[in-house]
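These numbers come from a predicted model, not from an experiment.
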Amino acid sequence: MSDIKEIKSRMKSVGDTAKITKAMYMISSSKMRKARSELEMTRPHFDALNNEIKRIFRSKSRIDSPYMYPADGSHDLPGAYAYIVVTSDKGLAGFYNHAVIREFESQMTEHESRYFMIGDYGCKYCDALGIEYDGEFRYSADHPSMRQTRLMSDYILDEFDKGAISKIFLIYTDLENGMSQKAKTVRLLPFHRKDFTDENSVQDNVRFDFYPSAESVLANIVRSYVAEYLYSALVDSYCCEQNARMNAMDEADRNANELMSQLRMEYNHARQGKITSEITEISAGARALRNKKSAAYPG
């Protein structure tokens, strides 16, 4: 690229792009901090619900609930399995969406399944491949809120209560240690008793009476528990999306800086070449003028 104007135009374009990537980096950083702050405010209530479910299981050796696996331990339940898949609404987030889609594809089996997509990217993926998903359950992944999440949770749980689905799985991206992230699949329903107990758990010293029954209390808790688990997953996914976008913008910014350095060097070479060419032309003109004068006035 030897044309100086073309190089300057390219440098301006790269500089403008770098400004955009820096702005997107700062916006994503702000969004991630805000989402994590809102999640922390709901954490105590979720932990309290989790402890109450544990208390029910510790107090009652047998509970017959549609939200638990059958007492015989069978896992292959009749009916469709539901998969809630959380992607983003937008691109420019590195491999964030691709990781979720790969996890989604790994969960596809011959068993009857129903898909519930959160985020436009997942919907567009299904549309492109002709994968059917629930069109009434179509929610944005941007700015997750507890109000919106309760609507999602109620919709899914109503389908579960009607017997239209027998298992609920959630595919989302977990921000594991605040830095790394991983797309994963978790089962929301039905519960295993062991999900809330372990070998070290002990029976409560205080006996509890559940009114009207432990099953009814568990049923009431489950709706809030599922909603808050889903909200936590949505916020985790949203934070991972913003983190992935920050990394992508940071990488784009570094590439822009490298390209800008190359263009500056190319511009300097082209400019130096033009100056050298102009000096050469001036020197040649001056030499020709001297030779002309010498020829006109010999001696």
Side-chain angles (χ1 to χ4, degrees), residues 24-25 27-43 45-47 50 81-108 113-127 131 133-134 137-157 167-189 224-250:
M24 292 181 67
Y25 180 95
I27 291 170
S28 294
S29 176
S30 176
K31 286 181 176 180
M32 185 171 70
R33 287 196 302 270
K34 182 179 178 182
R36 296 186 73 173
S37 175
E38 291 175 351
L39 176 61
E40 288 303 316
M41 289 190 290
T42 66
R43 188 77 70 184
H45 187 247
F46 178 78
D47 291 340
N50 192 59
Y81 294 171
Y83 290 88
I84 305 172
V85 184
V86 184
T87 59
S88 70
D89 290 338
K90 305 171 185 176
L92 299 177
F95 289 96
Y96 169 79
N97 286 308
H98 299 289
V100 177
I101 294 301
R102 282 199 301 269
E103 181 66 18
F104 175 40
E105 291 173 340
S106 71
Q107 296 299 320
M108 293 182 182
S113 300
R114 291 178 58 184
Y115 304 122
F116 301 85
M117 313 305 293
I118 300 176
D120 287 342
Y121 190 96
C123 294
K124 292 176 181 178
Y125 167 81
C126 290
D127 290 338
I131 300 174
Y133 59 93
D134 193 309
F137 185 96
R138 187 160 183 172
Y139 292 92
S140 170
D142 204 19
H143 302 296
S145 67
M146 197 64 223
R147 178 180 175 277
Q148 182 189 53
T149 305
R150 285 195 180 279
L151 294 176
M152 300 180 196
S153 175
D154 288 343
Y155 186 94
I156 293 290
L157 287 173
K167 290 185 181 183
I168 302 175
F169 294 95
L170 175 62
I171 301 175
Y172 74 105
T173 309
D174 183 23
L175 195 61
E176 292 181 312
N177 55 11
M179 295 296 292
S180 63
Q181 56 191 51
K182 179 182 179 182
K184 61 191 297 186
T185 303
V186 297
R187 173 177 37 79
L188 289 180
L189 289 177
S224 293
Y225 176 85
V226 171
E228 296 201 21
Y229 195 111
L230 180 57
Y231 175 68
S232 175
L234 287 174
V235 174
D236 264 350
S237 293
Y238 185 68
C239 289
C240 288
E241 176 194 348
Q242 302 308 322
N243 186 58
R245 185 167 289 113
M246 287 168 59
N247 291 334
M249 293 304 101
D250 187 53

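With rounding to the nearest 0.5 Å, the separation of OG in S232 from CE in M146 is 10.0 Å. Expressed to the nearest 0.5 Å, how far CG of D142 lies from CD of Q148 amounts to 9.5 Å. Here L230 contributes atom CG and I84 contributes atom CD1; the two are 5.5 Å apart, rounded to the nearest 0.5 Å. The distance from the CZ atom of R150 to the CD atom of E228 is 6.0 Å, given to the nearest 0.5 Å. Atoms CD1 and CE, from I131 and M108 in turn, are 3.5 Å apart once rounded to the nearest 0.5 Å. Atom CD1 of I118 and atom OH of Y238 lie 14.5 Å apart (nearest 0.5 Å).
By the 4.5 Å heavy-atom criterion applied to side chains, Y155 and L151 are not counted as neighbours. Within the 4.5 Å cutoff, the side chain of R187 has no heavy atoms near those of the Y81 side chain.
Among residues two or more places apart in sequence or in another chain, the side chain to side chain contact (heavy atoms under 4.5 Å, CB included) test is passed with T185 by E103, Q107, F169, I171. For S30, the side chain to side chain contact (heavy atoms under 4.5 Å, CB included) partners are R33, not counting sequence neighbours. With sequence neighbours excluded, the residues forming a salt bridge (charged side-chain N to carboxylate O under 4.0 Å, His left out) with D154 are R223, listed by chain and number. Listed by chain and number, the residues in a side chain to side chain contact (heavy atoms under 4.5 Å, CB included) with C123 are M117, Y133, R138 (sequence neighbours excluded). Annotation: salt bridge (charged side-chain N to carboxylate O under 4.0 Å, His left out) contacts of D134 (sequence neighbours excluded): R114.
Sorted by first and then second residue, the pairs that involve residues 90-100 and meet side-chain hydrogen bond (donor to acceptor under 3.5 Å, both in side chains), not counting sequence neighbours, are S88-N97.
When ring centroids are compared, F137 and Y139 come within the 6.0 Å threshold.
Among all heavy-atom pairs drawn from P144 and Y231, the shortest one is O-CE1, 3.8 Å. Closest non-hydrogen pair, A99 versus A183, comes out as O-CB, 3.6 Å. In terms of heavy-atom proximity, G122 sits nearest to T87 at N-OG1, 2.9 Å.
Of the possible donor and acceptor atoms, one in the side chain of S237 sits under 3.5 Å from a partner among the backbone N and O of A233. In this structure, the side chain of D89 engages the main chain of D120 through a donor-acceptor pair within 3.5 Å.
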Full working for side-chain contact (heavy atoms from CB on, under 4.5 Å) between T173 and V86: CA-CA 8 Å; T173 309; V86 184; over 6 Å; no
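Screening Y172, Y115, Y83 for a ring pair (Phe, Tyr, Trp, His ring centres under 6.0 Å) involving F104 leaves a single residue, Y115.
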